[in-house]
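Structure, as structure tokens:
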Protein chains: 2
Amino acid sequence: MPRVVCPRCEKAETVQKSGIVRKKQRFYCKDCNYHFTIYHESIKSRKKQKPNSGGQTSLLDIAKAVGVSVSTVSRALNNHPDISEKTKVAIKSIAKELAYEPNALAQSLVTRSTHTLGVIIPNLHTTFFATMLSGIQHVSSQAGYRVVICQSDDLHQTEVANVQALMNNMIDGLLFCHSLETSTFDHIKIQLRRGIPIVQFYRVSLEVETPCVFCEDENGAIQVTEHLIEMGCRRIGILLGPPHLMISKKRLEGYYKALNKFKIPLDPKLVANVDFSTKSVHSSVDNWLHLDVPVDAVFSISDKSAVQTIQYLKKLHIKVPDTVCVAGFGNEYTGEIIEPQLTTFDVRTGLIGEKTAKLLLNRIIDQNSTSENVTVKGHLIVRDSSKRVQHL
Amino acid sequence: MPRVVCPRCEKAETVQKSGIVRKKQRFYCKDCNYHFTIYHESIKSRKKQKPNSGGQTSLLDIAKAVGVSVSTVSRALNNHPDISEKTKVAIKSIAKELAYEPNALAQSLVTRSTHTLGVIIPNLHTTFFATMLSGIQHVSSQAGYRVVICQSDDLHQTEVANVQALMNNMIDGLLFCHSLETSTFDHIKIQLRRGIPIVQFYRVSLEVETPCVFCEDENGAIQVTEHLIEMGCRRIGILLGPPHLMISKKRLEGYYKALNKFKIPLDPKLVANVDFSTKSVHSSVDNWLHLDVPVDAVFSISDKSAVQTIQYLKKLHIKVPDTVCVAGFGNEYTGEIIEPQLTTFDVRTGLIGEKTAKLLLNRIIDQNSTSENVTVKGHLIVRDSSKRVQHL
DNA sequence: ATCATTTGCGAAATCGTTTTCGATAGATAC
DNA sequence: GTATCTATCGAAAACGATTTCGCAAATGAT
């Protein structure tokens, strides 16, 4: 055994091995009851090697350069009144010189605010939701907030996983639009109980008690249906989404109200729930066309299915709008492209996103701001797919 | 003056006022040279009020509950081999019981990795870029990375500001697609020098030395042009974006190559740069129609302008494709809706996003992974807007 | 000149983790 | 029965900011 002296009592006789810890031989001095490991110069070098290991300049670097304390630097850069103008300019100039950028992580850790919003949204490859996100992003970034997004792909599983991923203290608030599949909301309720501000938009569930941003579901449906009626239609088929969706329910409600107003009999056979797939749309339209009294109009709750309907009717050589009027809901860009152009209700997706973001930001900034539900006003857009000579 | 006793020497005579600090009267004992402020019970209560002020359970909470140290808890939850199976299960069960979720901020602060990617993208209300983002988001979230986005709105100013906002240690890497306006890239180079992994996609600049993900700009343009030539077109107008854009240059190059291959003379009057606005597209088309030998085809670098072109031609009662063929580039959904349906080159936007994300993630995970440029293969889609009887 | 106040700055705690280095008790080897 | 290992765990230093409390010097008042 090589001669090893105890760093404390300087003796060597009393030193004996004491196991190996992390590949290093340890020793033990019986005399002074002291355990130790032999290091070369590592102890010194380690301290010196990382003045600022990240490469970024920190408050400490500035403090050293200027010759003040870290607290002073922090206050100077935040324009705290306690700091004299002289030191402020000195610190700020050095800060600029060293290209100082505050570490947002550290700031957030102590501030307990990340200036980041989370968005859970069904998808992005669709203009419809992408536009909402666009609105959200604009308002947020203008307020100095980042936006992190998650697509649920209309799958409940993915949605739940996303919520988890977002929620580890990384966001100050959540904007939530649930997937088509989602019908239970425990994953959201948990976060709500944690005290994270949440706002729902477009597709909402009243089961979760948050402020909501709606479009004019019922009123819009009324306007569209009334318009179709005014165009002379009496057998109006309505293409709804899955029945558990609130937007399905409310728009159906509007459809009913309009029919009732004009004393047109309700026919359950004219109400169809689809999953927005081409196949389901086609089969619903087929059914309607083969009724004893076939449809003379189709009102689709989504522009996408409305466009599919027009394309299908054209393929069947059924004239739109002469034989069958078609109207959609949402006002997507494709409605302007299809021929005939699509009559629809502009729900103003971008505005929905903006309003939602504003609502959430208000809640975040003003803790006790009253946050009422918001309904974004839309308007009917009449185009060729429903314009026809009135049968009066 | 009310009688105030020095908390140290218990005397009252020697105490005198010593200024007001933060709204509180301070005192000074001449005898024991001690400054002090009178607090009520605040000192005690403050300590007790925040065992875990955030409301979230922390490692410390678990440590206390189990009766071990914080380090042990951390290691147990990370499955460190040093911890015995017994304590692991104990800790994990308590952790679950207390609904522990690690604070990602604190983790990132010490780990120096946020598991977050930044995206700078021209816009989102367009299917084109939104689909790319969708691809990016999918790949990222599958790899356990969050995505934070910024729209530049094709404004250079906004882009620069966005980069700043993203970069404060909050992201592990950046996916970058520059705005239409951008022609200087200092804001990106700075970040590159800081050592942040960056990948450019779609619109790229070789001035910034990063791996890039391209679509088949040149080859795609060749395919489209050759197709138009094969359809009998000899006067093919090409609608480009701003001239400084690489995609403009490379697609023009492809256009030239195809024309040369078929020995068709190049006419500079047939080359137009537009800003993708309706007005600029219309005026270019107008010019072409009034040439001595007018165009018999329009090849637009973007589907959007191609659709605008078709609509405009239809309005002018010029037959597509009989009089003028139209082809686009990109394959947006609207191309399937317009009548006649649009011939275009599918650049596979979603795949571009995915490939870019994968490239970046590889760089992040494998520090020294070789990162070559990637070109995403696309393919020509021939539709009615260019299908006509060949003039041979 | 004496006392009170204001001004300007520093020390240290804190946020919630990870990680390094140490330490001890029981197991094992000689 | 020692002398060494090994298996487990703890203390404390990071990470980079903010913030509370404290104090000294300059300033003002009497």
Side-chain angles (χ1 to χ4, degrees), chain A residues 1 16-22 24-28 30 33-37 39 42-43 46-47 50 52-54 56-61 63 68-78 80-88 100 102-112 168-169, chain B residues 1 16-22 24-28 30 33-37 39 42-43 46-47 50 52-54 56-61 63 67-78 80-88 100-112 168-169:
Chain A
M1 190 173 91
Q16 60 187 46
K17 287 190 187 169
S18 153
I20 293 177
V21 54
R22 271 168 293 272
K24 298 236 175 204
Q25 182 59 259
R26 288 194 79 230
F27 300 94
Y28 169 59
K30 292 173 83 173
N33 191 31
Y34 180 59
H35 293 261
F36 60 93
T37 318
Y39 290 98
S42 49
I43 290 179
R46 281 215 314 102
K47 291 275 176 187
K50 28 177 163 176
N52 53 351
S53 54
Q56 295 287 3
T57 51
S58 71
L59 286 188
L60 186 60
D61 298 323
V68 293
S69 77
V70 184
S71 359
T72 304
V73 177
S74 170
R75 277 187 277 241
L77 295 177
N78 291 324
H80 190 101
D82 264 15
I83 307 299
S84 72
E85 209 51 45
K86 209 170 72 183
T87 38
K88 268 184 192 171
Y100 170 75
N103 185 323
L105 287 171
Q107 279 183 144
S108 299
L109 184 58
V110 47
T111 307
R112 296 186 167 284
N168 299 346
N169 299 285
Chain B
M1 191 173 93
Q16 60 188 49
K17 286 189 189 171
S18 152
I20 293 178
V21 56
R22 273 168 290 273
K24 298 236 175 202
Q25 180 60 257
R26 289 194 77 229
F27 300 95
Y28 169 61
K30 291 173 83 171
N33 189 32
Y34 182 58
H35 292 261
F36 61 93
T37 319
Y39 288 99
S42 49
I43 290 179
R46 280 216 315 102
K47 290 276 176 186
K50 31 176 162 176
N52 53 350
S53 54
Q56 295 288 4
T57 52
S58 70
L59 287 186
L60 185 60
D61 298 322
V68 293
S69 77
V70 183
S71 0
T72 304
V73 177
S74 169
R75 278 186 276 241
L77 295 177
N78 290 323
H80 190 102
D82 263 15
I83 307 298
S84 73
E85 210 51 46
K86 209 169 73 180
T87 39
K88 269 185 190 171
Y100 169 76
E101 287 293 334
N103 185 324
L105 286 171
Q107 278 182 148
S108 298
L109 184 57
V110 45
T111 307
R112 296 185 166 285
N168 299 346
N169 300 285

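These numbers come from the heavy atoms of this one structure, side chains and all, not from hydrogens, waters or symmetry mates. Here is how names work: the chains are called A, B, and so on, in the same order as the sequence lines, proteins then strands, and each is numbered from 1.
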query = Given C:dG10, is OP1 or OP2 found less than 4.0 Å from the side-chain N or O atoms of A:S69?
reply = yes
inquiry  = Base, sugar-phosphate or nothing for B:E101? Non-hydrogen atoms, less than 4.0 Å.
reply    = sugar-phosphate
task = With rounding to the nearest 0.5 Å, note down the distance linking CD in B:Q107 to CZ in B:R112.
result = 15.0 Å
task = For A:L109 and D:dC15, give me the distance from atom CG to atom P, rounded to whole Å.
result = 14 Å
task = On DNA chain C, check which nucleotide each of B:D82 and B:V110 is closest to and give me the residue with the more 5' one.
result = B:V110
query = Has A:Q107 got a side-chain N or O lying under 4.0 Å from the OP1 or OP2 atom of D:dT18?
reply = yes
ask   = Does the A:K88 side chain pair with the main chain of A:H80, one donor and one acceptor, at a distance under 3.5 Å?
value = yes
remark   = Here the distance between atom P of C:dC9 and atom NZ of A:K88, to the nearest Å, is 10 Å
inquiry  = Please determine whether a side-chain nitrogen or oxygen atom of A:S84 lies at a distance below 4.0 Å from atom OP1 or OP2 of C:dC9.
reply    = yes
Check: A:R112 side chain, D:dT19 base, donor-acceptor under 3.5 Å = no
message = Check whether A:N78 reaches the backbone of A:R75 with its side chain - one donor and one acceptor, N or O, closer than 3.5 Å.
response = no
request  = Please evaluate the base of D:dA11 for a donor-acceptor partner in the side chain of B:S71 within a cut-off of under 3.5 Å?
outcome  = yes
ask   = Atom CG of A:L77 and atom P of D:dA17: how far apart are they, to the nearest Å?
value = 9 Å
task = Indicate the atoms forming the closest heavy-atom contact of A:I83 with A:T87, along with that distance.
result = CG2-OG1, 3.2 Å
query = Atom CD1 of A:I83 and atom P of C:dC9: how far apart are they, to the nearest Å?
reply = 5 Å
request  = Determine whether B:N103 and A:L109 make a side-chain contact, defined as any pair of heavy atoms from C-beta on separated by less than 4.5 Å.
outcome  = yes
inquiry  = Tell me the closest heavy-atom pair linking A:Y100 and A:L77, and the distance in Å.
reply    = CE2-CD1, 3.7 Å
message = By nearest heavy atom, map B:A106 and A:V68 onto DNA chain C; which one lands nearer the 5' end?
response = A:V68
task = Assess whether one donor atom and one acceptor atom, taken from the side chain of A:R75 and the base of C:dG10, lie less than 3.5 Å apart.
result = yes
query = Should B:N78 be listed as having a side-chain N or O under 4.0 Å from OP1 or OP2 of C:dT18?
reply = yes
note = Between A:L59 and A:S74, the two heavy atoms sitting closest are CD1-CB, 3.7 Å
ask   = Rounding to a whole Å, what distance do you find between B:H80:NE2 and C:dC21:P?
value = 13 Å
ask   = Quick one: is A:S74 getting a side-chain N or O under 4.0 Å of the D:dT18 phosphate, OP1 or OP2?
value = yes
key: Degree of bending in the helix from C:dT5-D:dA26 to C:dC30-D:dG1 once both end axes are built from five pairs, to 10°   = 50°
A:T87 vs C:dC9: side-chain N/O to OP1/OP2 distance below 4.0 Å = yes
Nucleotide N/O to protein N/O under 3.5 Å, stretch nucleotides 23-25 of chain C:
{"unit_1": "C:dA23", "atom_1": "OP2", "unit_2": "A:R26", "atom_2": "NH2", "d": "3.4"}
{"unit_1": "C:dA23", "atom_1": "OP2", "unit_2": "A:H35", "atom_2": "O", "d": "3.0"}

request  = Return the value, rounded to whole Å, for the distance between atom CG of A:N103 and atom P of C:dT14.
outcome  = 21 Å
Closest nucleotide among D:dA17, D:dT18, C:dT18 to the A:S58 side chain = D:dA17
task = Please state how far atom CG in B:L60 lies from atom P in C:dG16, giving the value in whole angstrom units.
result = 9 Å
inquiry  = Could you work out, with side chain to side chain donor-acceptor pair (under 3.5 Å) as the rule, every residue matching A:T72, not counting sequence neighbours?
reply    = A:S69
Interatomic distance where CG belongs to A:D61 and P belongs to D:dG16 [whole Å] = 9 Å
